[in-house]
Amino acid sequence: REALDPVRYISNHSSGKMGYALARAAQEAGARVTLISGPVTLTTPDRCQRVNVSSALEMLDAALDVVSDCDIFIASAAVADYRPAAVAEQKIKKSGDEIQLTLVKNPDIVATITSHAERPFTVGFAAETTDVAAYAKGKLARKNLDMIVANDVSQPGIGFNSDDNAVTLYWPDGEQAFAAMSKQALARELILAIAQRYSAVLGD
Ligand code: C5P
C-alpha cells in the first residue's frame with residue numbers, strides 16, 4: 001500500500017495467499033520462518049514470526065533487518081513499483097475536474113537483497129499477462145535471482161486473489177511446470193523444489 005493522504009492509498013489485487021501458503025509450507029518442512037507481510041486479512045501460520053509492514057519502503061527495511069540471518073529469501077509480495085512523490089498531511093479535498101498525481105520509483109526489494117554482501121539464496125516471482133516465459137527468464141537474469149516462479153495472471157481462476165495457482169519455476173539451467181492446484185499444495189511442491197535446488201547449489 002502506498003499512501004496518498006491519511007485516508008487513501010494505491011494498491012493492487014494481490015491477496016497475499018501465495019506468500020502465506022509458502023510460509024506455512026516452509027515452516028512445516030522444518031524452516032525457521034519470518035513472514036514479512038503487507039496488510040492482509042489472513043491468519044499467521046503457526047510458528048511463523050510475522051513482521052507487519054505497509055509500504056514498499058517499510059518492506060525493504062524489514063527485509064534488510066533479517067537478510068544477514070536468512071538462508072533462503074522468497075519474494076512473493078506484489079510490491080508497488082511506484083509510490084506517490086508526496087503524501088498529503090491532510091485529506092485531499094475535492095476541487096477541479098482533474099488532479100495530477102506524481103509517482104516516483106520504489107526501490108526493488110528483491111534486487112536489493114541479491115546485491116547484498118550476505119546474499120541469501122533468492123527466489124522471486126513474476127506475474128505476467130503476456131510472454132510469461134521470456135519475461136520471467138529476463139527477470140531471473142536482471143534481478144540476479146537463483147530461481148523465479150512465473151505466474152500467468154491473464155488466465156481466469158488462478159493467480160491474483162484466487163485459491164488456486166498454476167506456475168512454472170525457472171532457474172538458470174532448468175525449469176519445472178506445475179499444473180493448477182491449490183496454493184497450499186503448490187507451496188509444498190515449490191518448497192521441495194527450492195530446497196532441492198538450494199542443496200544442489202550449496203553442494204550438500
Ligand atoms: O519486476 P516485477 O515487479 O514484475 O518483479 C516481480 C518480483 O520482484 C517479485 O518477486 C516481487 O516480489 C519483486 N519486487 C520487489 N520490489 C519491488 C517490486 C517487485 O522485490 N519494488
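Hydrogens, waters and symmetry mates are skipped; everything else that's a heavy atom, side chains included, is used. Atoms within a ligand are numbered from 1 in the order they appear, just like the ligands themselves.
- In this structure, a donor-acceptor pair under 3.5 Å is present between the side chains of R50 and Y20.
- Short contacts between ligand 1 and V79, defined as distances under 4.0 Å to a heavy atom of the residue, involve ligand atoms 15 (C), 16 (N), 17 (C), 18 (C), 21 (N).
- Inclusion of A75 in the set of residues having an N or O under 3.5 Å from an N or O of ligand 1 is warranted.
- Ion pairing between a basic and an acidic side chain is recognised when a charged N comes within 4.0 Å of a carboxylate O; K143 and D108 show such pairing.
- In terms of protein heavy atoms, atom 3 (O) of ligand 1 is closest to D81 OD1, 3.6 Å.
- Only the backbone of A80 comes within 4.0 Å of ligand 1, judged by heavy-atom distances.
- For atom 21 (N) of ligand 1, the nearest non-hydrogen atom from the set A136, A78, P107 comes from P107.
- In the hydrophobic clustering of ILVMFWY residues, with side-chain heavy atoms under 4.5 Å counting as a link, I74 and V66 come out apart.
- In this model, a donor atom of one side chain and an acceptor atom of the other lie less than 3.5 Å apart for N106 and E2.
- Using a 4.0 angstrom heavy-atom cutoff, A77 counts as in contact with ligand 1.
- A salt bridge does not link D131 to K137: none of the charged side-chain nitrogens sits closer than 4.0 Å to a carboxylate oxygen.
- Here atom 13 (C) of ligand 1 lies nearest to V110 when heavy atoms of V110, V149, I113 are compared.
- At least one N or O atom of K139 sits closer than 3.5 Å to an N or O atom of ligand 1.
- The closest approach between A127 and ligand 1 stays at or above 4.0 Å for every heavy atom of the residue.
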>> Working note: W171 + Q176, criterion side-chain contact (heavy atoms from CB on, under 4.5 Å); need CA distance, chi angles, decisive distance, verdict.
In response: CA-CA 9 Å; W171 56 96; Q176 186 177 352; 4.0 Å; yes
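- Under 3.5 Å, the side chains of Y135 and T130 contain no donor-acceptor pair of N or O atoms.
- The single protein non-hydrogen atom nearest to atom 16 (N) of ligand 1 is I109 N, 2.9 Å, given as residue, atom name and distance.
- Using a non-hydrogen distance threshold of 4.0 Å, K143 registers as a contact of ligand 1.
- Where the criterion is an N or O separation shorter than 3.5 Å, residue side chain and backbone included, F125 meets it with respect to ligand 1.
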>> Please determine whether side-chain contact (heavy atoms from CB on, under 4.5 Å) holds for the pair T168 and V132, giving the CA-CA distance in whole Å, both sets of side-chain angles, and the decisive distance to 0.1 Å.
In response: CA-CA 9 Å; T168 305; V132 180; over 6 Å; no
